[in-house]
Each structure stands twice: as C-alpha cells, then as structure tokens.
Amino acid sequence: MSNFNQTIKRRCTNSVKWDAVENVYGLQDASDILPMWVADMDFAAPAAVSKALQEHAEKTVFGYSFVSDEAVQAIVDWQNAHHDWHIDKESIVFCNGVVAALADSIKAFTNPGDKVLISPPVYPPFYNIPKSNGREIVSCPLVEKDGTFIYDFEAFEQALAQNVKAYILCNPHNPGGYVWDEATLKEIVRLCAKYDVVIISDEIHSDLMLDGSKHTPLAKIAGDEIDRIITCMAPTKTFNLAGIQVAYMIVPDKEKRMLLEAVHMASGQGSVNTFASVALQAAYTGGSPWLNDMLTYISNNMDYVIAELGQLPGIHINKPQGTYLLWIDYRELGLDEKEIMQRLLENGKLALEPGSKYGEEGCGFLRMNVACSFDTVKDGVQRFKQALEQ
Ligand SMILES: Cc1ncc(COP(=O)(O)O)c(C=O)c1O
C-alpha cells in the first residue's frame, strides 16, 4: 500500500518543480517557497516501477536496446482495460515525450507556413511547438458557460475553414481538467473531417479520472475518420515518471506512421531509453492499484482545497473531472495577474502557475497542483489565505 501522506524531500534533487523556482519566477532565493506549479507529483512512483528499474540497473550493461514485445503488449492491454480501446501493436510509434510527439506530428503532417488550430486556454507547447517550427497559429478559444469552458462549434468551424491543416486537441483538458464527452469529440471529428484537417490528440491526462469520470479516446469514437487521428499518450503523467521521458503515439494510418518515421530518421531519433521501456512496462502491468489509491487521495485533496479556498470572497473553484490540477478563478478579486502573483510569492511564499501562461483566455485564473501529501496541501491553503489577507 503506497503512503501518499509521506512528505518526500525533493529540494536539491535537480527537480524542476522544487529547484527551478528561482529561475522560473525570477526570485533571488526560493528556499522558503512552496511549489505547487508544474505538473508532476510529489508522490513516490509505484513500488513495481522502482523495483523493475532497480533490477534493470543491476544488469550493469546498458547497451543499445529496443522496446520489448512485453512492453508493447502492456500498452495494448492497458488501453483495452482502462479505456476499452482496442489498438493494434503496429499502430504504436514510440517517442521521448508527448511534447516531442506533438513536435514530430507537426513536422510530419504540416509544412512551414501552414495553419495549426488550437483552443486556448491550453497547455503552452500547443502554441510554442507549431510556432517554433514556423507554422501559423489559428486560435479558437473555448468559451465560458456556467463556470466551465466549452467549445463554440460555430467559431470552431469558421476557424477550420481558414485552410487549417492540423488541430491539436487536449483530451482531457489541461488546465481546466475537463473530460470531453462523446458528443463533443464526435463534433470535433466531424468538423475536422469536413475540412480535411489532421487531429493531434494529446491524451496524456487520460488515466487521471476523478470520481467515476470516464475518458473517451478520440480515435475510439472516430469511426471512418480514424486515420486522420494521431493519439499521444504516456505513462509518465499517470505514474509520476516525467523525468523518465517516454511516450507513444497511436497512429492507425500506415502512411502517417511512415511520415513520422521519416521525421525520426531526419532528426536522428532512435528507440527510447532502455530504462524508459522498463518503467513503462512495469507501470502498465503493476501500477493499477497505486493509480486507484492515488486518484482517491487527489480527489480528497481537491475537496479540501475547494472547501477552504472556494469560500473566500472573490474565489471560485470547480472540481475538475480529471487531472490533479485546480483551475482557480480569482477574477472577482479585482487583482491583476502581476499583483496576485506578487502577493502569492512574497506574502504567501507559494508558487502557483499564472493563468496567462495558457493564453490570454487564462488571465484571472491560477493553476494549483494538488498531487502532494495532505500536509503539503494544508500548508498551501494556509499560504494562499495569507497571501490574500495581507
Ligand atoms: C497536455 C500535456 N501534454 C504534454 C505534457 C508533457 O508531456 P511530456 O512530459 O511527455 O513531454 C503535459 C505536461 O504537463 C501536458 O499537460
């Protein structure tokens, strides 16, 4: 049984979350700042993963390796068991991360100057990757309804009609934690098919379902349009293995797989790290009990934060359906982003993510990562309150 209550010391471990705060937030000294920002967890990974990695390390020879058949089968079985999605082994293309998968897909399926559609507020690489590869971003923001963000399909169709070549979908959604329903996903597929647009579906958060929510892989409901979809998945967000850097794309269309392989060849990318495939296999074959317990723990953390902070004047928080990230609406406080960030960092000694990182539509929101021990969450809540009090 994992002990999620344990507070593991992560400072001075080259952790981005704990040791890069000075750089990211422009501080002289961040030793007293509590980091609840970037999306990794403060929990120990499943014991099954640590054990497999230790056993692999004991082999002492780490020459070139390929991903084992067992690891590939573990992916097929995981998708089957967790998302009732039946995929072919042949459709799997490995890569070093989901962001790398987004970059590979942009390079493989669009040309410099092409238009790529995104729906902000959304994970920042959705802008940065196409832009830094010389593609033009077309932005069709999600719209707010009853405190959540949804698609405006009229605007979405108008955007697609501007000769867009690819759409990057965040399913489930980061930062909002929305788990898109089948009707929404079907409409996305229908419209993208109408304008012959490739869909790159980032599903890295798909295993992080809270309180009985159910993830729907886009490709599973796409019917005849399945070949236009590239699904990007990984065990890294699910099992807190981000530093291991392993991900995979599910690409049913053979021609698209060949294009991706050509991109890999052109950039000298080979197979994934030998430890990465060991971790992936161990997580997918032995990590389920850990995941179930972890999700219950996260859900309780969220309930606590919402009960404590959601009642503060000017603060609104809806419980997300997925992920371990809270999207905190502070617009009624009347503070601009600079002011609230200053208060949080200087008075509260708390590092949250400013919503504008996810596009201008994220202004007025903060993203808080609650994948940490309950004691840390309580500390974070206290710091948040202190920041607003002063
Ligand atoms: C939507 C989304 N995609 C991708 C990533 C990162 O993926 P990777 O670490 O595999 O590059 C994240 C991390 O937070 C994310 O939220």
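Just so you know, these numbers come straight off a predicted model, no measurement behind them. Counting starts at 1 for both ligands and their atoms, in listed order. This chain uses plain numbering: 1 for the first residue, then up along the sequence. Side-chain atoms are counted along with the backbone in the values below, which use heavy atoms only and exclude waters and symmetry mates.
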Yes or no on salt bridge (charged side-chain N to carboxylate O under 4.0 Å, His left out) for Asp379 and Arg383, after CA distance, side-chain angles and deciding distance?
CA-CA 6 Å; Asp379 187 11; Arg383 289 170 188 247; 3.0 Å; yes

By the salt bridge (charged side-chain N to carboxylate O under 4.0 Å, His left out) test, which pairs, at least two apart or in different chains, include something from residues 109-128?
none

Salt-bridge present (Asp227, Lys254; N to O < 4.0 Å)
no

Extract all donor-acceptor atom pairs below 3.5 Å that involve side chains of residues 50-63 and protein atoms in other chains or at least two apart in sequence.
residue, atom, partner, partner atom, Å
Lys51, NZ, Glu55, OE2, 3.2
His56, NE2, Thr274, OG1, 2.8

Residues 362-370, side-chain donor-acceptor partners within the protein, below 3.5 Å, at least two apart:
residue, atom, partner, partner atom, Å
Arg367, NE, Tyr358, OH, 3.2
Arg367, NH1, Asn174, OD1, 3.0
Arg367, NH1, Tyr358, OH, 3.1
Arg367, NH2, Trp37, O, 3.2
Arg367, NH2, Glu353, OE1, 3.3
Asn369, OD1, Ala371, N, 2.8
Asn369, ND2, Val38, O, 2.8
Asn369, ND2, Asp40, O, 2.8

Under 3.5 Å, is there a donor-acceptor pair between the side chain of Thr323 and the main chain of Gly177?
no

Contact residues of ligand 1, where a non-hydrogen atom lies under 4.0 Å away:
Ala39, Gly97, Val98, Val99, Tyr123, Cys170, Asn174, Asp202, Ile204, His205, Lys237

